Amino acid sequence: MTATDGRARSGVIDTPRGQIRTPAFMPVGTAATVKAMMPESVAATGADILLGNTYHLMLRPTAERIAALGGLHKFMNWSGPILTDSGGFQVMSLAELRKLTEEGVTFRSHIDGSRHMLSPERSMEIQTLLGSDIVMCFDECPALPADRDRIAESMRLSMRWAERSKEAFGDRPGHALFGIQQGGLDEDLRGESAEALQAIGFDGYAVGGLAVGEGQAAMFGCLDYAPQMLPADKPRYLMGVGKPDDIVGAVARGIDMMDCVLPSRSGRTGQAWTRRGQVNIKNARHADDPRPLDEHCTCPACRNYSRAYLHHVFRSGEIISSMLLTWHNLHYYQELMAGMRAAIAQGRFAAFEATFHAQRAEGDI
Ligand SMILES: CNc1nc2cc3c(=O)[nH]c(N)nc3c(CCc3ccccc3)c2[nH]1
Ligand SMILES: [Zn+2]
C-alpha cells in the first residue's frame, strides 16, 4: 500500500507475471478474449490484469484442452496476471436445470445441454489447469431480493465451500486464492462472513453478492461497512462493478479492485463513456458531427475518427465499430483509475471525486 486518503487506498500487487496498480479496473475476457480487442490493444489501454471465466472455459474449449496447449496465458496471448472467477455465479445466471447440494452444483450447459458439475474441488482444479494467477473461492451468490434466512443459509454454505476451496487449492507459491464475503445487505451476516473468511486465511478478499440488482444506494450502503470488515493489509475486490460513478464511490469506500463487462458490452451497443457523461453514438444527432467522442481523450477512436464516422460504422454494423468503441471505453475506464491512483497518492481524492461529478451532464452529450 503506497498511500491512503480517507478510506481510499492506492498501492501495487506484485505477481510473478507483473504488477497490478491499485485501485485497478480488470477487463473481462470471459471466453479467453476481451471481445473486439487484441490483447496488445487491451494492454495499450493501461490494463495490468484480465479476468477469465471458469464456467465458460470449462464448457468450451474445456480446461483440460487449455492446459494441454500450455495454459490460458499462452492460449490467449496475455503475459500479464489473470484472475479467474470460480464459476458459481455464472452457473446461477446462465446454466439450465441447476441442482444445488452441499457437495456443489450440477447443471446443463447453456451451449449444448451437456451435463456438468462444479464443486469447490472441481473449481480449484479447473482454475489450476487454466494457470490463473488469482483464483476465486467457489461460492454461491444468492439472487436478490431474498429473505434473511435464505441469505444466511447461502452465506454459511459459501463459508463451508471457502474452507474446502482453501483445502483443495493447496500451497501454491506465486498463486493467490481470494475468499468472497457474502451476506447480502445484512451487516451482521456480512460480519459473520468476514470473520469466517479471516479464520480460514486468504491472500485477498472479495466483496461478493452485490451488483445483482440492488441499486447504487443499497450497494453504497453496504460498502459503508463491508470492506472495512476485511483485513486492511490485503487486496479488497468488489465483484461485478460497475458504471464509472459506481467505481469512484467504491474506491472512496476502500475497494482496490473491480471488474465489469459494461465498458466492453456497452461499446458493442454504441454506448461511449466519457468524462462528461455518455454518448449514444447510434443517435442521429451524431451523423454530421466532425468532432471526436471526447476531445481530451488520447485513444485511437478519439484521435483518428469523428462522431460522424463512428455513427456511420455503428449504423452499418461494421466490425470496426465494436473495436473502436470498446477501445475507447476501456481506455476511459483506465484513465479514470489512473486519475484516482494519482489523486489518492497526492491526498486530493475528495477534490477528484467532486470534479468527477461536476463534469458529468445527464443524458446524451
Ligand atoms: C455483474 N455483477 C456481479 N455481481 C457478482 C457477484 C459475484 C459473487 O458474489 N461471487 C462470484 N464468484 N462472482 C460474482 C460476480 C462475477 C464476477 C466475474 C465475472 C467474470 C469474470 C470474473 C469475475 C458478480 N458479478
Ligand atoms: Zn477515446
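Just so it is clear, the structure is predicted and the values come from calculations on it, not from any experiment. We count ligands from 1, going down the list as the structure has it; atoms in each ligand are counted the same way.
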**Student:** Which of these, Asp85, Val91, Val28, Val207, has its nearest heavy atom closest to atom 18 (C) of ligand 1?
**Tutor:**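 Of the listed residues, Asp85 has the closest heavy atom.
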
**Student:** Out of curiosity, is Ser86 lining ligand 1, as in a heavy atom under 4.0 Å away?
**Tutor:**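 Ser86 counts as a contact of ligand 1 under the 4.0 Å cut-off.
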
**Student:** Measure from the side-chain N and O atoms of His312 to the backbone N and O of Leu310, and report whether any donor-acceptor pair falls under 3.5 Å.
**Tutor:**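 No; zero donor-acceptor contacts below 3.5 Å.
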
**Student:** Going by distance only, is there an N or O of Thr84 that falls short of 3.5 Å from an N or O of ligand 1?
**Tutor:**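 No.
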
**Student:** Before signing off on this row, confirm whether Val212 and ligand 1 have an N or O atom pair separated by under 3.5 Å.
**Tutor:**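 For ligand 1, there is no N or O atom that lies under 3.5 Å from one belonging to Val212.
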
**Student:** Give the numbers and elements of all ligand 1 atoms closer than 4.0 Å to a heavy atom of Gly208.
**Tutor:**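 Within the 4.0 Å cut-off of Gly208, ligand 1 contributes 9 (O).
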
**Student:** Short check: any N/O/S atom of His331 below 2.8 Å from the Zn ion (ligand 2)?
**Tutor:**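 Here the distance criterion (N, O or S atom, under 2.8 Å) is not met by His331, so no.
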
**Student:** How long is the straight-line distance from OG1 of Thr84 back to CG of Leu72, given to the nearest 0.5 Å?
**Tutor:**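 Here the rounded value is 8.0 Å.
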
**Student:** State whether the shortest distance between N or O atoms of Asp139 and N or O atoms of ligand 1 falls below 3.5 angstrom.
**Tutor:**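 For ligand 1, there is an N or O atom that lies under 3.5 Å from one belonging to Asp139.
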
**Student:** Counting each atom of ligand 1 from 1 as listed, which ones have a heavy atom of Gly209 under 4.0 Å away?
**Tutor:**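 Close to Gly209: 6 (C), 8 (C), 9 (O).
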
**Student:** Can you tell me if Cys137 has a non-hydrogen atom under 4.0 Å from ligand 1?
**Tutor:**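 No, Cys137 has no heavy atom closer than 4.0 Å to ligand 1.
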
**Student:** For ligand 1, which atoms sit closer than 4.0 Å to a heavy atom of Gly52?
**Tutor:**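 Ligand 1 atoms under the 4.0 Å threshold to Gly52: 21 (C), 22 (C).
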
**Student:** Could you pull out the atom name of the N/O/S atom in His328 that is nearest the Zn ion (ligand 2)?
**Tutor:**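 Atom name of the closest N, O or S in His328: ND1.
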
**Student:** So, Ser158 side chain and Glu140 main chain: donor-acceptor pair closer than 3.5 Å or not?
**Tutor:**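 Confirmed, Ser158 side chain pairs with Glu140 backbone.
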
**Student:** Strictly distance-based, threshold 3.5 Å: is any side-chain N or O of Asp259 a donor or acceptor partner for the main-chain N or O of Met239?
**Tutor:**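 Between the backbone of Met239 and the side chain of Asp259 there is no qualifying donor-acceptor contact (under 3.5 Å).
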
**Student:** Just by modelled atom types, is the Thr22 backbone N or O under 3.5 Å from a matching donor or acceptor in the Asp256 side chain?
**Tutor:**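 Between the backbone of Thr22 and the side chain of Asp256 there is no qualifying donor-acceptor contact (under 3.5 Å).
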
**Student:** For Ser86, is there any backbone N or O sitting under 3.5 Å from a side-chain donor or acceptor partner on Gln90?
**Tutor:**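 Judged by distance alone, no pair lies under 3.5 Å.
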
**Student:** Checking the N or O distance criterion of under 3.5 Å, is ligand 1 in contact with Ala211?
**Tutor:**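 Yes - when backbone and side-chain N and O of Ala211 are compared with those of ligand 1, one distance drops under 3.5 Å.
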
**Student:** Tell me, please: is Phe178 in heavy-atom contact with ligand 1, that is, under 4.0 Å?
**Tutor:**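 False for this residue.
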
**Student:** Are Met26 and ligand 1 in contact, using a heavy-atom cut-off of under 4.0 Å?
**Tutor:**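 Flag not set, Met26 not near ligand 1.
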
**Student:** May I have the step-by-step check of side chain to side chain contact (heavy atoms under 4.5 Å, CB included) for Arg236 and Val207, ending in yes or no?
**Tutor:** CA-CA 7 Å; Arg236 295 165 177 163; Val207 178; 5.7 Å; no

